Amino acid sequence: MAIPRTRPGAYPAVLSYGFRPFFLLGSLYAGGAILFWLPLFYGRLETSSAFLPVDWHVHEMLFGYLAAIVTGFLLTAIPNWTGRLPVQGLPLLALVLLWLAGRVAVFFSAETGWLVGAAVDCAFLLAVAAAAATEIIAGRNWRNLKVLLPVAVLLAANVMFHVEAHHQGVSDISRRLGLGAAVVLIMIIGGRIVPSFTRNWLARENQGRLPAPFSHFDVATIALSAAALAAWAFVPESSATGAMLIAGSAFNAIRLVRWAGDRTFRDPLVVILHIAFAFVPIGLLLAGLAVVLPETVPSAAGIHAFSVGAVACMTLAVMTRATLGHTGRELQANIGTRVVFVAIVLAAVMRIGAAFLPAQAMLLHISATLWVAAFLGYAALFGGMLVQPKLRLRKPNKAPS
């Protein structure tokens, strides 16, 4: 089902669909925040945040950048699921301003007080969950209510993050809980769009073996992996947690192989989805090995396979495809888009490598540079599309009779 037409109004194109403001602001924030992060990490800059520098970095990547992209995706996908008009105009502007207020509130929370910062920041995800639930229920699209569970967990993790940081001085459980919720979202939504887009492309361009259809195997894999990530959040040193994470890695790897990604190398917009999802089993494996072999595998390796690998690669892949498709462009990756994809994948590889080789600071710097290039590159390439009206395809002239 195609997205319904927008309601006529006096608002600009950027407020016509959720993906437009949130993808643009999210990409600019992701790039800018990392530009700020390294000087902050080395003590050359300071925030006025109640968070420690590392906590500010983790929080803003999870509950700043990721929350924006998840919101943009949901507010654009839900009309397709329900057949209703999208959230747009003033309601969308209110959500955008609430997200911006959260970023300011967190940055200045040492001045305003941690509780004020927490209330303003957490109000955004609460409003998003309420808006999404309202639309899904109004459209009687009951099967997609499950998407709201990881969003609710992300909200709970954000609340816990503020509480932990204030009372313990540093976040702990909430970091892993928020990241785990993000990975579960990728397993659910990625598990729908990766094989779907792959099947569509293969049926048109490379007929033969197609992705396996969604089955009980996928349901069991998601359930096992979600349980493993929950255990990782709350009991990260348990040997049972390590075993569950490694098992989840194996099943997600099998799941990925079943989607025929090896047949899609001619289309960067499709193959990047498979590469991004591959960081899910890689992250689960590294996180599991860090539990059972803590002296060999650092915990940061799994964390950054999830964050820089699965989350960043998948969000950029989805942002790119959605921007092209929903602004009336052809689904083709030009050279700039390919550079963005290569940059973010290499950023993930370098960041995982930096976890294993902490003395090699250059790896961290290269990863950060590639990250910034990827996200600011996306903003430069697609920002104009996000703020301009959708292109109208010209109808071909009728052939003379």
Side-chain angles (χ1 to χ4, degrees), residues 22-42 44-45 47 53-70 72-73 103 106-107 175 178-179 182-183 186 190 268 272-273 275-280 282-283 286 298 300-321 323 333 335-358 360-383 386:
F22 282 111
F23 286 5
L24 179 57
L25 291 173
S27 60
L28 289 171
Y29 191 66
I34 295 301
L35 275 177
F36 184 79
W37 160 238
L38 280 182
L40 180 67
F41 178 71
Y42 289 117
R44 296 169 187 166
L45 292 176
T47 71
V54 171
D55 273 346
W56 177 84
H57 165 64
V58 172
H59 182 274
E60 292 306 282
M61 290 299 98
L62 278 176
F63 307 110
Y65 163 71
L66 178 62
I69 304 309
V70 168
F73 174 83
R103 312 289 54 78
V106 168
F107 194 88
R175 291 185 184 189
L179 189 54
V183 174
I186 290 172
I272 187 61
L273 294 168
I275 294 172
F277 196 92
F279 282 104
V280 171
I282 291 171
L286 290 173
I303 289 171
H304 288 101
F306 287 144
S307 56
V308 187
V311 172
C313 291
M314 184 62 78
T315 51
L316 269 176
V318 170
M319 289 158 63
T320 300
R321 189 180 189 94
T323 302
I335 185 63
T337 302
R338 297 181 189 196
V339 169
V340 165
F341 290 162
V342 171
I344 197 60
V345 172
L346 289 179
V349 173
M350 291 293 180
R351 190 61 189 87
I352 296 169
F356 281 98
L357 300 169
Q360 301 297 321
M362 185 58 67
L363 292 176
L364 178 61
H365 298 161
I366 293 173
S367 176
T369 301
L370 289 167
W371 171 287
V372 171
F375 280 99
L376 296 188
Y378 167 86
L381 289 168
F382 297 95
L386 294 170

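Fair warning: this is a prediction, and the values are worked out from it, not measured in the lab.
For the pair Ile352 and Ala301, the tightest heavy-atom approach, listed with the atom from each and the gap, is CG1-O, 4.1 Å. The minimum heavy-atom distance between Phe277 and Ile186, with the atom names listed, is CE1-O, 3.8 Å. Summarising the geometry of Ala374 relative to Val340, their closest heavy-atom pair is O-CG1, 3.6 Å, with the distance given to 0.1 Å. The minimum heavy-atom distance between Ala348 and Phe279, with the atom names listed, is CB-CZ, 3.8 Å. When all heavy atoms are compared, the tightest approach of Ala343 to Leu370 is O-CB, 3.5 Å. Between Ala347 and Ser367, the shortest heavy-atom distance links the atoms O-OG, 2.8 Å.
With a 4.5 Å cut-off on side-chain heavy atoms, Ser27 and Met319 count as touching. The shortest distance between side-chain heavy atoms of Val54 and Trp37 falls below 4.5 Å. Between Phe23 and Leu386, some side-chain heavy-atom pair lies under the 4.5 Å cut-off.
Atom CE of Met314 and atom CD1 of Ile275 lie 10.5 Å apart (nearest 0.5 Å). Between the CZ atom in Phe41 and the NE2 atom in His57 there is a gap of 9.0 Å [rounded to 0.5 Å]. To the nearest 0.5 Å, the span separating SG on Cys313 from CD1 on Ile272 amounts to 5.5 Å. Note: Leu66 CG to Glu60 CD = 12.0 Å, rounded to the nearest 0.5 Å. Remark: Met362 CE to Ile366 CD1 distance equals 6.0 Å, nearest 0.5 Å.
The stretch residues 312-321 participates, sequence neighbours left out, in these side chain to side chain donor-acceptor pair (under 3.5 Å) pairs: Tyr65-Thr315.
With Arg351 contributing its side chain and Leu364 its backbone, the two residues share no donor-acceptor pair below 3.5 Å. Trp56 contributes no side-chain N or O that, together with a main-chain N or O of Leu40, makes up a donor-acceptor pair within less than 3.5 Å. The closest donor-acceptor contact from the side chain of His304 to the backbone of Ala300 lies under 3.5 Å.
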Item checked: Chi angles and distances behind the side-chain contact (heavy atoms from CB on, under 4.5 Å) call for Asp55, Arg175 -> CA-CA 9 Å; Asp55 273 346; Arg175 291 185 184 189; 2.9 Å; yes
Item checked: Step-by-step side-chain contact (heavy atoms from CB on, under 4.5 Å) determination, Val318 to Phe73 -> CA-CA 8 Å; Val318 170; Phe73 174 83; 3.8 Å; yes
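Between the side chains of Tyr378 and Thr337, not a single donor N or O lies within less than 3.5 Å of an accepting N or O.
For Phe356, there are no ring-ring contact (aromatic ring centres under 6.0 Å, His included) partners two or more places apart in sequence or in a different chain.
Here the rule is side-chain contact (heavy atoms from CB on, under 4.5 Å) with Ile34, and of Tyr29, Phe375, Trp371 only Trp371 fits it.
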